[in-house]
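The structure appears below as structure tokens.
We name chains A, B, ... by the order of the sequence lines, and we start the count at 1 in each one. Every value quoted in this text rests on a predicted model; they were computed, and no experiment measured them.
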Amino acid sequence: MAPKKDPKAAAKKAPEPAPAPAPAPAPAPAPPPKPAGVDLSAVKVEFTPDQIEDYKEAFGLFDRVGDNKVAYNQIADMMRALGQNPTNKEVNKILGNPSADEMVHKRIEFEAFLPMLQFIINSPNKAGFEDYVEGLRVFDKEGNGTVMGAELRIVLSTLGEKMTEAEIDALMAGQEDENGCVNYEAFVKHIMSV
Amino acid sequence: MGCGVTKSNQFHKQSGKAVTTIKAAVLIQRWYRQYVARTEMRRRYTWHIFQSIEYSGEQAQIKLYNFLGYLMDNFTPSSNERNLISHIFRENEVCRDAEWERYFCYKSIEVPEIYSGPHLTFPLTVEQAVGLVEAFRTKKQLHSRYVLQLLLETWKLLRMLPNINRISTCQSKEITICGDLHGQLEDLLLIFYKNGMPSLEKPYVFNGDFVDRGKDSIEILLVLFSFLLVYPSDVYLNRGNHEDHIVNLRYGFTKEVLTKYKMHGKRILKLLQKIFSWLPLATVIDQKVLVLHGGISDSTDLNLLARVGRHSYVSALRPPKKRHITSAGTSIDSDMDEDIWSTNRRRASLTYPKPLGTRESFQNRSLQDFSDRIRVNVEDELEIDKRRQPIFNRSEKETNPSASSDSVSSDNIKEEWKQILDLLWSDPMSQNGCIPNEVRGGGCYWGPDVTEDFLNRHNLQLIIRSHECKQDGYEFCHNRKVLTLFSASNYYDVGSNRGAYVKLGPDLVPYMIQYQASSMTRELTVRQSVGQTERSALKVLREQLFAHRSDLICAFRKFDSGNTGLLSLHDWASAVESVMHLGLPWRMLRYQLVTRKTSDGMIEYHEWFNELAIKGPNTDHIDQSLLETLYRHRSTLETIFRIVDTDNSGFITIEDFRQTWKLLSVYLKMEITDEAISDLAVTIDSNQDGSIDIDEFMEAFRLTDKKSRLERGRSMFMGTAPDLTKLEGDPNI
């Protein structure tokens, strides 16, 4: 595809419907999905100019069409690429629980993305190294620092935000020893070093 | 009751545990998805790096070529400098077809006893074609006698084919379509392994770019041509932008052939020039699916394309030759430029460069500046030509009355030329419209509206094209009306992308199969292969940055008015982009490119260059700016050397070496003193015999060390020759 930084990206297309304010982060996602507004009313964006430039670059990298927008179904990944850790459920909530079709076709521009990112950053659900290790320790039946790879696979594919077999394979690649056990502290260290 | 209480206790325990388990699972899943997203981000910018450098290389190539063409038009025929480069433009000396057949005659070439490769007899049989594949798989080389014979047969066949192949999926045949192969034999073998070889039941379309970059381009051609000869109704070849001898000079195919075929390589290349020009331009399947290499423009007209004399366009980069019919009824090819030239009296000389005529833009210093001023699109070519016409026509009309009528048909030729250029070089874009493809320097960018219009006008439903590397080997765009197909896996580096081929049955629904050659990639985890490719891309990028040092320092100074030596990240990124024009996410890349920052986050740019600085061997005595030129323009330099090396010996005389540098100095509008050039020559003419080994010279000025290159194997950025172990060459071949 053509490089996006060219001026031709300015040549534009069909106008979007006028953005309406998105629902405030409320528990019940009652209102029908609308494109996010410039101000997520309850959220104050507190990024430094440097941070905003960084985010803008990442945004540009995810924009595969060249219209300076990103699709709904890319928002979660973008936030993750920027170091956040939202669940898919959390992101759907912010987007107003869009339908599957909307996830693919609706697009959002950078200014509307910022308050969403801020909201996620503000939310208290941060997990660090210890949390992950604790999380894996649940499966450490013998208390010896290892978990059974097989058990981990079953849990990851059946509970929570289920992972596919391919995802699990990629996750576990090279981690199981000859007994099918995974040393989870080393595991977490290794993969957190990305 | 006891039981009830126990039960409910157990229940609470279990449900408590269940909750923890779920929480743990969610935690792991969230972490994993973050890891995937971050890896994906790295993969994307790595891709960006490779692709933008690749395209800017193509652009540089075209500019160089245009520059040379411009020089050609402005020098006397007798001047030495002109002779130096004229033979690449003199595509066919005035010659008859019969004379060509004599030149390409293979009959006198003996095949020695010790030759262990395949022997071919004609007409070719399928057993021989299959045998050839097997021979190449086991690293044998085909003897030049058979190569020439095979190519001659191919040439004869191609001459009978129309510009646009028309095939059908009747009798429930599925057609297999392959995209760019770029000399990567391993991928072709993998496709044959997975899909079967071409046969009556298994028709194939190969969509161009068979050669360049990979190390087995000639083998791929020989395989494709032999199947073409065996199954002429079931194998279809489309021309790509790399089926072009000018492009081949830069991107490795010329070098590959000359290295593998030391004695007869030049003839083989000449014959291939003709073959490339006779390759069909496109294929239509069931009158509904169009397969072509690059793409379309808003003026693409299949009816016009069906009528052009495609073989006149030996290189898509320049206007075609004219074909005269003599009174004897035989056809003679001559250079259109030659004709115009012969009536022109303008004179200038390389040794005394003066501001040259219409293109004032040569006042600029760097290639980047140059690129901004010279807009290499056809409209400009036509513009410039129109401006030139008045000067020529006056003398033409006086001396050569037929020339004026030729200028009318020359407009037609320009129109045809544009059609072919668009076909071979264009890329799709997501916005509507059609604009010149400035990134590559040829063809255009076309939008979904142009696709829609084109398909309706020609009553088609799908365009299948190649030309662009895609991570998954293929990609749809324009509302699934355009499919990009790329068959060279690991193109940028090991693990960079998959290849794909398409199967099309009577329902005309494309079915994609992906693959990735090389056992190395299968053993790497995603993370490892992304990491490896990323390191490779960054290395290349650092070289590029280093090679633009003086321009970068200049740009930095502009932002640093107080001359503190420090820049904010924002300014650094802006300055770098303004010089490099690669459209890369510099802020994101800074972690890998800049390791030192002051405590308040500022970048010391001088220090940064010291970090980047890479020292080559024995280069201390050479002028710094000259060295930078060498690094920055090494591909261009090597291309020019190969052009100058008229007998393709791999050596040029000191005198020619000097002249080459003079040429480059005009091109870049740089001062290069004789003394500086002598310093350069001394560096490599170690045997003092007055001639310079081109390879040796280029080696001396490589930025990365040889070992890492060889380990990496095939990386196009390490020069034009992908396989860097110098083949001694079997003298018997």
Side-chain angles (χ1 to χ4, degrees), chain A residues 1-6 8-13 49-50 53-54 56-58 60-62 64-67 76-89 125 127 131-132 134-139 152 155-163 167-168 170-171 173-174 188 191-192 194, chain B residues 17-18 20-42 44-45 48 51-52 55 427-433 435 437-439 445 447 468 470 475 477 484 525-528 531 568-570 573 577 581-590 601:
Chain A
M1 282 283 187
K4 290 176 281 288
K5 299 281 159 83
D6 273 13
K8 71 175 168 293
K12 235 10 97 39
K13 15 159 317 227
D50 259 343
E53 298 243 354
D54 281 341
K56 196 151 198 179
E57 243 189 15
L61 212 53
F62 275 80
R64 309 206 67 198
V65 170
D67 60 351
D77 280 338
M78 271 235 322
M79 292 186 174
R80 288 168 186 141
L82 291 173
Q84 299 309 310
N85 238 345
T87 58
N88 291 336
K89 194 159 148 195
N125 251 331
D131 300 291
Y132 293 125
E134 276 309 308
L136 284 169
R137 189 164 289 142
V138 170
F139 305 103
L152 211 48
V155 166
L156 292 174
S157 61
T158 54
L159 298 181
E161 297 200 324
K162 303 174 189 156
M163 285 167 68
E167 286 178 311
I168 297 175
L171 172 66
V188 175
I191 54 189
M192 278 186 91
V194 167
Chain B
K17 188 176 174 210
T20 327
T21 310
I22 293 178
K23 271 177 89 169
V26 168
L27 211 58
I28 296 171
Q29 288 155 347
R30 275 166 54 169
W31 165 82
Y32 173 73
R33 294 199 164 106
Q34 184 199 53
Y35 156 67
V36 165
R38 293 177 83 151
T39 306
E40 174 61 18
M41 178 101 107
R42 286 162 67 208
R44 284 192 192 206
Y45 66 62
H48 252 262
Q51 193 168 60
S52 50
Y55 290 170
D427 289 314
M429 65 173 174
S430 45
Q431 295 87 350
N432 282 338
I435 55 177
N437 190 330
E438 275 158 44
V439 174
Y445 286 120
E468 282 181 297
K470 294 294 175 191
E475 189 175 271
C477 65
T484 300
T525 61
V526 164
R527 177 168 170 232
Q528 283 169 319
S568 69
L569 179 58
H570 171 90
E577 178 57 24
H581 296 294
L582 292 172
L584 291 173
W586 297 106
R587 295 181 66 99
M588 214 176 291
L589 292 169
R590 77 182 183 275

Testing the basics here: between [X] and [Y], what is the closest heavy-atom pair and its distance to 0.1 Å?
X        : Y        : answer
B:Arg587 : B:Ala573 : CG-CB, 4.2 Å
A:Leu82  : A:Ala58  : CD2-CB, 3.7 Å
B:Tyr445 : B:Glu438 : CE1-N, 4.3 Å
B:Pro428 : B:Glu468 : CD-OE1, 3.5 Å

Choice from [options] maximising heavy atom contacts with chain B below 4.5 Å:
options                             : result
A:Pro49, A:Pro86, A:Ala81, A:Gly160 : A:Ala81
A:Thr158, A:Leu156, A:Leu152        : A:Leu156
A:Leu159, A:Leu136, A:Asp77         : A:Leu159

Go through the atoms of [X] and report whether side chain, backbone, both or neither lie under 4.5 Å from a heavy atom of chain B.
X        : result
A:Ile168 : neither
A:Glu167 : both
A:Lys162 : backbone

Looking at B:Lys23, B:Glu40, B:Arg590, which one has more heavy-atom pairs under 4.5 Å with chain A than the rest? B:Arg590

Between A:Glu53 and A:Lys56 (salt bridge meaning N to carboxylate O under 4.0 Å), is one present in this structure? no

The criterion is side chain to side chain contact (heavy atoms under 4.5 Å, CB included); which residues satisfy it with A:Asn88, sequence neighbours excluded? A:Ala76, A:Arg80, A:Glu161, B:Arg33

